[in-house]
Amino acid sequence: LSAIITVGDEILDGFTQDTNAHWLAGRLFALGVPVTGMEVVGDRVEEIAACVRRWLLRSDVTHLLVCGGLGPTPDDRTFEGVALALDRPLVFDVPTGRRLQEIIFRYTAAGRRASARLEASGRKMAMVPADGVPLINSVGMAPGMAYALPGDRHLFVLPGVPRELFAIFSEELEPRYLQSAGRQAAVVELRYRAAPESAFYPVMKEVESAFPDIAVGSYPHPDRRELTIRVRGASRERVRQVVERVRAGVSYPAQEEVVISP
Ligand code: ATP
């Protein structure tokens with residue numbers, strides 16, 4: 001299982017919508033490492049550390065992702081919080097520092113910066129909890145980091161800017177840490193038109209006890225007068241059996257049946 005911690009007062013105050021967690025949840029689910037919980041925490045070192053510690057107590061969470069707050073300004077405190085939680089010192093990461101310096105040289109040569117010096121703000125971005133593996137950010141400055149933890153578990157720290165988070169996840173995290181981490185769940189959707197949710201109560205109740213390993217969810221879209229019944233589980237065979245039971249258990253015909261995965 002995985003879990004996502006989003007860091008940022010901007011999320012808590014309602015200025016920014018947490019689309020990163022939404023995107024990550026979809027990818028992690030598809031990779032067979034579904035998200036068991038998400039938490040949003042403000043930009044305070046103690047709170048970030050406490051939240052990370054809490055999630056690390058969950059031994060069934062093998063992949064913990066901490067997102068946002070890696071920037072050059074003093075209100076970006078995620079690495080400090082993670083260092084506190086892992087009880088590791090903050091150290092200057094030489095490969096990250098070198099990468100930042102190269103970017104600054106390029107910017108200076110292109111006339112986008114006046115000085116090629118790595119300033120305090122840049123140096124801050126390269127101060128990360130010790131003994132991590134940098135995750136290259138091909139589209140921005142903020143580095144991502146991976147930390148191997150006892151029991152074959154990993155903690156990842158990713159930037160908050162969506163395109164940077166997407167790039168690091170796709171180019172570094174997924175191929176290096178998630179490729180063989182889990183098995184993709186089987187998901188099938190039944191889509192109904194003008195069928196009331198209440199009609200599904202008896203059959204959903206029945207499959208809930210007959211198939212405890214299979215989850216059945218009902219998701220109405222009142223605007224389009226549509227209803228999606230989503231069936232998911234580890235066994236493709238058993239998901240199929242539940243789909244057939246649901247179909248047979250209501251007097252409304254399904255308009256469409258869609259295999260979402262695998
Ligand atoms: P940077 O180095 O670019 O500052 P960062 O890790 O510090 O990266 P944040 O300061 O947390 O990133 O956020 C930068 C911007 O990214 C925010 O202003 C916001 O627009 C966007 N952002 C941050 N977190 C999220 C999120 N969870 N979902 C969507 N957008 C986000």
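Heavy-atom basis, side chains included; hydrogens, waters and symmetry copies ignored. Remember, it's 1-based here, ligands and their atoms both numbered in the order they're listed.
Counting only heavy atoms of the protein, atom 29 (C) of ligand 1 lies nearest to Thr19 OG1, 3.1 Å. In terms of protein heavy-atom proximity, atom 26 (C) of ligand 1 is closest to Asn20 ND2, 3.1 Å. Here the protein heavy atom with the shortest distance to atom 15 (C) of ligand 1 is Val161 CG2, 4.0 Å. The protein non-hydrogen atom at the shortest distance from atom 12 (O) of ligand 1 is Gly160 N, 3.4 Å. Ranking protein heavy atoms by distance to atom 5 (P) of ligand 1, first place goes to Leu70 N, 3.5 Å. What sits closest to atom 1 (P) of ligand 1 on the protein, heavy atoms only, is Gly71 CA, 3.9 Å. Asp76 OD1, 3.4 Å is the protein heavy atom nearest to atom 10 (O) of ligand 1.
In this structure, Glu102 does not pair ionically with Arg99, as no charged nitrogen and carboxylate oxygen lie closer than 4.0 Å. Residues Arg113 and Glu119 are paired through a salt bridge, judged by an N-O separation under 4.0 Å between the basic side chain and the carboxylate. Taking 4.0 Å as the cut-off between side-chain N and carboxylate O, Arg191 and Glu257 do not count as a salt-bridged pair. A salt bridge does not link Lys124 with Asp76: none of the charged nitrogens is closer than 4.0 Å to a carboxylate oxygen.
Only the side chain of Thr6 comes within contact range of ligand 1, with a heavy atom under 4.0 Å; no backbone atom does. Contact annotation: for Thr73 versus ligand 1, there are no heavy atoms closer than 4.0 Å.
Taking every non-hydrogen atom of Pro159 and a distance limit under 4.0 Å, the qualifying atoms of ligand 1 come out as 6 (O). In summary, the atoms of ligand 1 found under 4.0 Å from a heavy atom of Ala142, numbered by their order in the structure, are 2 (O). The Gly68 neighbourhood of ligand 1 comprises atoms 6 (O), 11 (O), with distances under 4.0 Å to a heavy atom of that residue.
Here the straight-line distance linking atom CZ of Arg153 with atom CG of Leu1 works out to 11.0 Å at 0.5 Å rounding. Once rounded to the nearest 0.5 Å, the distance linking CD of Glu46 with CG of Leu84 reads 5.5 Å.
At least one heavy atom of Pro162 sits under 4.0 Å from some atom of ligand 1. Gly69 counts as a contact of ligand 1, since one of its heavy atoms falls under 4.0 Å from the ligand. Between Glu10 and ligand 1 there is a heavy-atom distance shorter than 4.0 Å.
Below 3.5 Å of separation, one finds an N or O of Gln17 facing an N or O of ligand 1.
Compare Asp18, Val7, Ile4 by their heavy atoms: the one nearest to atom 27 (N) of ligand 1 is in Asp18.
Side-chain contact annotation: His221 with Thr228, donor-acceptor N/O pair under 3.5 Å present. Using a 3.5 Å distance cut-off with no hydrogens or angles, the side chains of Glu39 and Thr6 do not pair a donor with an acceptor. A donor-acceptor pair shorter than 3.5 Å can be found between the side chains of Arg58 and Thr36.
Under the 30°/60° scheme for interplanar angles, the aromatic rings of Phe156 and His63 are found to lie parallel.
Within 6.0 Å of atom CD in Glu237, 12 or fewer heavy atoms from other residues, nucleotides or ligands are found, so the atom counts as exposed in its surroundings.
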